[in-house]
Amino acid sequence: MRGYYKADPWSIVEEGFDPSMHMASESIFSLGNGRMGHRANFEEHYSGETLQGTYLAGVYYPDKTKVGWWKNGYPDYFAKVLNAPNWIGIDIEINGEQLDLHQNEPLEFRRELNMQQGYLERSFALYIGEGRLEISSRRFLSMKRDEIGAIRYALRSVDFSGEVSFTPFIDGNVVNQDSNYDEKFWEMEETGAGKGTGYLVARTRKNGFVSCMTMGYNLWRNGSAIEVEPETEKRDDYVSNRVTAKLGIGEELILYKYVSVLTSMNHAPEEMVPAGRKMLAEAMETGFDLLFAEHTGIWEEKWAHSDIIIDGDTAAQQGIRFNIFQLNQTYTGKDERLNIGPKGFTGEKYGGSTYWDTEAYMIPFYLSTAREEVARNLLIYRYKHLGKAIENAEKLGFTGGAALYPMVTMNGEECHNEWEITFEEIHRNGAIAYAIYNYTRYTGDRQYLAGYGLEVLIAISRFWRQRVNWSDEKGKYVMLGVTGPNEYENNVNNNWYTNKMAAWTISYTMESLDRLAKEDPGAFKHMIGKTSFDLKEEIAAWREIVEKLHFPYEENKRVFLQQDGFMDKEQIMAADLDPAQRPINQHWSWDRILRSCFIKQADVLQGIFVFEDEFDLETIERHFDFYEPRTVHESSLSPCVHSILAARIGRSDKAYEMYLRTSRLDLDDYNHEVDEGLHITSMGGTWMSVIYGFGGMTVREGLLSFEPHLPANWKALSFKILYRGRTLLVNIDKERVTIENLAGEGVDLFLAGSQVHLEKSGSVVAKL
Ligand code: BGC
């Protein structure tokens, strides 16, 4: 599907309607505003293949677990962000015939996702008999009033004359495609329809989240509002108003539909109907154009901080903006109860729940492009789940305040139910610990560590202590039966990445305790008391593990091995695979995958990326050359890490190839699955591949450092970074890198290898 969407720096454009691409486009053109989102389903009826999806942040359903063979320790349910009542609907009849693009082939079809202003627009023409009609719709989810959505649906006659009916509706008769037992997740509570309005209140079964959607509309002809008596319809799960008007040659009819979407996350259920009505009335009073202006104003602010400008490469430019746009649509950081599902608001897969993706891939983006509170709220989310993580570990037999965070969660409880992942993919604990460090070193906010972070670190370190055991044979501590980030290996011993994460977490916890004892004895005492920490005993045990943990190593090739025994595998390279067999996860049996040496996603290289400071370039290069040829990148989270490391070691062609793969993963559908939704969490990785890879940004000796490596075909790269109250503008071209301090105090930095001081409002330049 490469090249299907037109290259454009600010928009994603589809020209011509291809029903076989419709579900892919429904994902690509999705909209969100952090509070809610939906796929780009058509407003009017569509009888072709479609995946309907309207999602409400934080509103989920505990779908009873379905597994082939039950194992003790499996969770009872999988939390799913559920498909919510459809509020975008506007059915259209033209001379009594229902408009359905599966039946009425559109001409000059064009769909545009305007990323600069955050709206979706669709236009096409139709012939009804001899008469030509031009139809267009624009919609957006207000970034300013995040419980409001608005649609403008216009029909313009060129030489058609007849009757048009618009039926704006809210439909509660929705299902989740991924429902385990084909259950309906919603129960309808109440509907109401009056002249010009309608509302629908629904409640989730079992856990009782309530949503209330209220619609209003007005109809305009040739620029003036017209009054038309509607036919209202109200069923238990559906409300609508049908308005019919004449459309003469050269005339235009526009229906503006406004909807308020409230949930019990933020409103008391008994107040939702009046609150929704009031909010809707205010929005309608403001009107489409002003609501739109407010909305685009917020996008302007967002882009002012988070845009990346690539000169000389439209495909790369479009790719990075698409990723940034989706990240900003998915999470706005206002609410610490929310997190980021791998598909965001664009599909059902992965249930909309939280994975290690957030800590490993998303935190860096929000740290550098949004106010500190945004990344902090993501950390607080995990802090609030600490009790559940301790319970989760207890269920598996761990004791004494050891915490195992879930692989997949909504409210802190584990939802994943495949033993090799649920029980064994424990490296997620390491990512959560590392995110605390990452936040602290980037922001300099030590209060977080003292007040919250350290408690999490202690509990995770306690888990690692119990998860390793002493091996007499090796004279080392070992960690048996794990799955690393590379899920194409299960139940392995001594996954290098996991062991590295474990040893690092314990060291960082000890160092943080030590530092707190010196800097703030009161807070230290409080932490020791709160966690019943046995200073002497626990520290001694931790120290011993850090000193004596086993790390598999191959002496001849001088590489850290992904796990014990990795070299026993037949060493074939991914380039030797028959392209028709790829992706292997869609062509090979699982046992064949497990026995092969093919790596799904960065694993040892993930660790080298995270702890890059510890390795010299030669070591990074050696590991890259060993692992990259064996990696099939069948997880979206993989190419970005390889891109960053390739840039670091000066392999700019490889870095660029991997960059396109991560940034255009969905736009060019590399993994043949975009119809299921977008890979939102890997988009944080795309951002890293530009800023950390090509921009060469790292934190070195406590200072921000930039060592750029531009791909050959880029003339220039420019981006902004928020850093401890400062806004830094970084401009890189073939000859030099310049950093301007746009806001905030002076700061010391490393620039192209040398330490420099950047004055308040000043700039620094280095030759490349
Ligand atoms: C990856 C995991 C990731 C999950 C959700 C899987 O395919 O292997 O690392 O957490 O997708 O994005």
Side-chain angles (χ1 to χ4, degrees), residues 27 78-81 178 323 326-327 330-331 339-363 365 378 382 404-410 414-432 434-435 482-492 495 497-498 501 562-563 582-586 588 590 593-594 598-607 609-610 627 631-642 661-662 665-666 670-674 676-688:
S27 301
F78 194 104
K80 288 179 178 160
V81 164
D178 68 351
N323 286 255
Q326 294 297 348
L327 289 168
T330 309
Y331 185 73
N339 209 285
I340 305 148
K343 300 261 169 237
F345 298 119
T346 70
E348 294 177 4
K349 200 171 171 197
Y350 299 112
S353 309
T354 310
Y355 288 64
W356 74 302
D357 306 28
T358 295
E359 285 75 17
Y361 293 86
M362 313 296 287
I363 294 256
F365 169 78
L378 288 171
R382 295 289 195 179
L404 175 60
Y405 275 91
M407 184 66 194
V408 175
T409 195
M410 210 67 191
E414 178 62 270
C415 288
H416 201 280
N417 55 41
E418 283 171 76
W419 64 269
E420 63 278 23
I421 293 179
T422 311
F423 307 140
E424 299 204 331
E425 206 174 326
I426 52 180
H427 64 80
R428 63 216 188 218
N429 252 7
I432 291 166
Y434 188 82
V482 303
T483 297
N486 169 25
E487 291 172 344
Y488 289 176
E489 298 276 5
N490 299 153
N491 201 35
V492 300
N495 170 255
Y497 172 80
T498 309
M501 276 296 178
Q562 196 181 256
Q563 75 248 2
R582 295 181 72 171
I584 56 173
N585 66 15
Q586 290 173 18
W588 287 11
W590 188 240
I593 290 178
L594 290 179
F598 296 118
I599 299 170
K600 178 183 181 189
Q601 68 199 90
D603 195 302
V604 170
L605 292 186
Q606 182 89 20
F609 158 63
V610 172
Y627 284 108
T631 307
V632 288
H633 298 293
E634 289 178 14
S635 161
S636 62
L637 302 178
S638 188
C640 56
V641 172
H642 285 233
R661 190 161 172 160
T662 178
L665 177 79
D666 291 319
Y670 278 86
N671 288 1
H672 308 289
E673 55 186 16
V674 70
E676 295 173 345
L678 303 178
H679 294 86
I680 297 293
T681 46
S682 82
M683 294 182 176
T686 303
W687 179 88
M688 289 196 282

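Just follow the structure's listing: the first ligand is 1, and inside any ligand the first atom is 1. The first residue of the sequence shown is numbered 1, and numbering continues consecutively from there. On a predicted model such as this, the values are computed, not experimentally measured, just so you know.
Near L637, meaning under 4.0 Å from one of its heavy atoms, ligand 1 places the atoms 3 (C), 9 (O). Heavy-atom proximity to P342, at under 4.0 Å, picks out these atoms of ligand 1: 5 (C), 12 (O).
For atom 11 (O) of ligand 1, the nearest protein heavy atom (residue, atom name, distance) is Y350 OH, 3.5 Å. In this structure, the protein non-hydrogen atom closest to atom 5 (C) of ligand 1 is D357 OD2, 3.3 Å. In this structure, atom 4 (C) of ligand 1 lies nearest to the protein heavy atom Y355 CD2, 3.9 Å. In terms of protein heavy atoms, atom 9 (O) of ligand 1 is closest to W356 NE1, 2.9 Å.
What you find for A79 and C415 is that their closest heavy atoms are N-SG, 3.3 Å. The heavy-atom pair separating H642 from T631 by the smallest distance is CE1-OG1, 3.5 Å. Nearest approach of T686 to C640, heavy atoms of both residues: N-CB, 4.1 Å.
Distances between N or O atoms of K600 and those of ligand 1 include at least one value under 3.5 Å. The shortest N or O to N or O distance between Q601 and ligand 1 is below 3.5 Å.
The pair R428-E414 meets the salt-bridge criterion, with a side-chain N (NZ, NE, NH1 or NH2) lying under 4.0 Å from an Asp/Glu carboxylate O.
Contacts of H679 with ligand 1, taken as heavy-atom pairs under 4.0 Å, are absent altogether.
Ring-plane geometry between Y350 and Y355 is classed as perpendicular, the angle between the planes exceeding 60 degrees on a 0 to 90 degree scale with a lower cut at 30.
With hydrogens and angles disregarded, no donor-acceptor distance shorter than 3.5 Å links the side chain of E489 to the backbone of G484.
Rounded to the nearest 0.5 angstrom, I340 CD1 and I363 CD1 are separated by 7.5 Å.
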